[in-house]
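Okay, so here's the structure we're looking at.
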Amino acid sequence: MTLGCTKSETNLIYFLYEIEPEFVDSRFFFAAARKRGYIHNLPLNNRFPIHPLPPRTIFEALPETRKWWPSWDTREQLNCILTCVGSAQLTDGLKSATENCEGKPNPHVIKHVINQCKKWNLVLTGKNRLAPLEPNEIEKIMGYPHNHTRGVSRIERYKGLGNAFQVDTVAYQLSVLKDLYPDGMNVLSLFSGIGGAEVALDRLGIRMNNVVSVEKSSVCRRARRDVYQIKGVDQVLWRV
């Protein structure tokens, strides 16, 4: 799961006091692929995943799509979660392109449709009907509680989720803290977003006694505030 360093990554290490980032492809942890570098000094041994394990394929995450999935669409995983979604004009155009073909579309049409599906994470919701993921579906795939981002506009929900940590991926990195802090820990969270790291700590069973959170987005702060209230954090200090 750790990838080799490129020249630019080696230069990055120089400015990180020789701490080598751990580059992880999140396809090992959930149904979308996203290569990211995690800069940390945590132990690499005795890490463990959250159970139950999250869905790791499109059909595991969205089983209702299997009924409509064409044999020529060989995708098994989604692309990295985006901060925006494809337009209705796009999906209508793709629907027309496949409907106008008798039987299996020609290779040119298939290539075009698949490329757009990968770019915008489109899934089948009916015969020849493609649609972007709904916010609740993304929450499920990303490992967040149901309706974690509910209460704001769809655009803001997509933006928050697209910029967020995938919970199961970051939880694997943080799992070594469970034995180190059996009585809980204090947390300083910078650029907190919708709280992926804090959700990961909670799902690992690591109590957050006190949290200092720095996040300028009121939308993101709202999503995380509810989690802290539910989980019984002793004190939360917000900084914008």
Side-chain angles (χ1 to χ4, degrees), residues 24-36 49-150 152-171 194 196 199 203 223:
V24 178
D25 191 332
S26 57
R27 68 186 176 89
F28 293 105
F29 296 93
F30 78 123
R34 183 188 234 178
K35 294 181 180 179
R36 277 189 162 185
I50 294 174
H51 287 276
L53 296 175
R56 301 193 186 186
T57 67
I58 294 173
F59 291 153
E60 288 178 3
L62 307 167
E64 64 278 5
T65 65
R66 185 186 291 273
K67 177 181 179 181
W68 307 107
W69 213 265
S71 59
W72 45 265
D73 187 343
T74 58
R75 286 180 296 156
E76 294 185 356
Q77 287 191 298
L78 299 163
N79 193 6
C80 123
I81 302 299
L82 306 176
T83 58
C84 55
V85 295
S87 66
Q89 183 179 4
L90 169 67
T91 55
D92 287 345
L94 295 176
K95 183 176 186 292
S96 298
T98 53
E99 283 182 337
N100 292 335
C101 300
E102 295 184 4
K104 182 179 179 179
N106 65 56
H108 176 74
V109 172
I110 290 176
K111 182 178 180 181
H112 172 66
V113 172
I114 293 296
N115 284 343
Q116 293 302 308
C117 286
K118 288 181 176 179
K119 179 179 179 179
W120 296 105
N121 279 333
L122 304 178
V123 296
L124 274 293
T125 59
K127 185 176 181 180
N128 298 321
R129 189 170 72 231
L130 291 155
L133 298 171
E134 291 295 324
N136 285 347
E137 293 173 328
I138 298 178
E139 286 174 345
K140 174 184 175 182
I141 291 168
M142 295 284 285
Y144 289 90
H146 182 62
N147 287 330
H148 182 70
T149 57
R150 187 177 180 181
V152 298
S153 71
R154 284 166 55 87
I155 292 175
E156 292 293 345
R157 294 182 75 181
Y158 284 123
K159 183 178 179 180
L161 288 162
N163 285 322
F165 280 127
Q166 201 283 330
V167 172
D168 299 87
T169 308
V170 73
I194 61 173
V199 174
R203 291 188 59 197

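Residue numbers start at 1 and run along the sequence shown.
Remark: side-chain polar atoms of Lys127 are not paired, donor with acceptor, to backbone N or O of Trp68 under 3.5 angstrom. Of the possible donor and acceptor atoms, none in the side chain of Arg56 sits under 3.5 Å from a partner among the backbone N and O of Arg27. Side chain of Glu64 to backbone of Thr125: no donor-acceptor contact under 3.5 angstrom is found. At distances below 3.5 Å, not a single donor-acceptor pair connects side-chain atoms of Tyr158 with backbone N or O atoms of Ser153. Using modelled atom types, one side-chain atom of His148 and one backbone atom of Ile194 make a donor-acceptor pair closer than 3.5 Å. The backbone N or O of Tyr144 sits nowhere less than 3.5 Å from a side-chain atom of Glu139 that would complete a donor-acceptor pair.
A donor and an acceptor atom, one from each side chain of Arg150 and Asn136, are nowhere located under 3.5 Å apart. Using modelled atom types, one finds no donor on one side chain facing an acceptor on the other under 3.5 Å when comparing Ser26 with Arg34.
The closest side-chain heavy-atom distance from Thr98 to Val113 is below 4.5 Å. Counting heavy atoms from C-beta on, the side chains of Ile155 and Val85 never come closer than 4.5 Å. Counting heavy atoms from C-beta outward, Arg129 and Leu124 have side chains that stay 4.5 Å or more apart. Inter-residue side-chain proximity for Arg157 and Asn147 is flagged as met; some heavy-atom pair is nearer than 4.5 Å. Residues Ile58 and Trp69 form a side-chain contact, since some pair of their non-hydrogen atoms from C-beta on lies under 4.5 Å apart.
A salt bridge links Glu99 with Lys95; the closest basic N to acidic carboxylate O contact falls under 4.0 Å.
The side chain to side chain donor-acceptor pair (under 3.5 Å) pairs that include a residue from residues 72-81 are Asp73-Arg75, where partners are two or more places apart or lie in different chains. Residues in residues 158-170 take part in these salt bridge (Lys or Arg N to Asp or Glu O under 4.0 Å) pairs, two or more places apart or across chains: Asp168-Arg203.
Thr149 and Val152 make their closest contact through O-CG2, 3.4 Å (heavy atoms, listed as atom of the first residue, atom of the second, distance). Minimum interatomic distance between Ile141 and Gln166 (heavy atoms only, all atoms of both residues): O-NE2, 3.1 Å. The minimum heavy-atom distance linking Val109 with Ala97 is given by the pair CG1-O, 4.0 Å. Across all their heavy atoms, Leu53 and Ile50 have their closest contact at CD2-O, 3.5 Å.
Atoms CG and CD1, from Asn163 and Ile81 in turn, are 12.0 Å apart once rounded to the nearest 0.5 Å. To the nearest 0.5 Å, atom CE of residue Met142 and atom CZ of residue Phe165 are 10.0 Å apart. Rounding to the nearest 0.5 Å places CD of Glu137 at 11.0 Å from CG of Asn121. Rounding to the nearest 0.5 Å gives a distance of 4.5 Å between CH2 of Trp120 and SG of Cys84. The distance from atom SG of Cys80 to atom NZ of Lys35, rounded to the nearest 0.5 Å, is 12.0 Å. Atom SG of Cys117 and atom CG of Leu90 lie 8.5 Å apart (nearest 0.5 Å).
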### Message
As a quick check of understanding, evaluate salt bridge (Lys or Arg N to Asp or Glu O under 4.0 Å) for Glu134 and Arg154, giving each step before the final call.
### Response
CA-CA 9 Å; Glu134 291 295 324; Arg154 284 166 55 87; 2.6 Å; yes
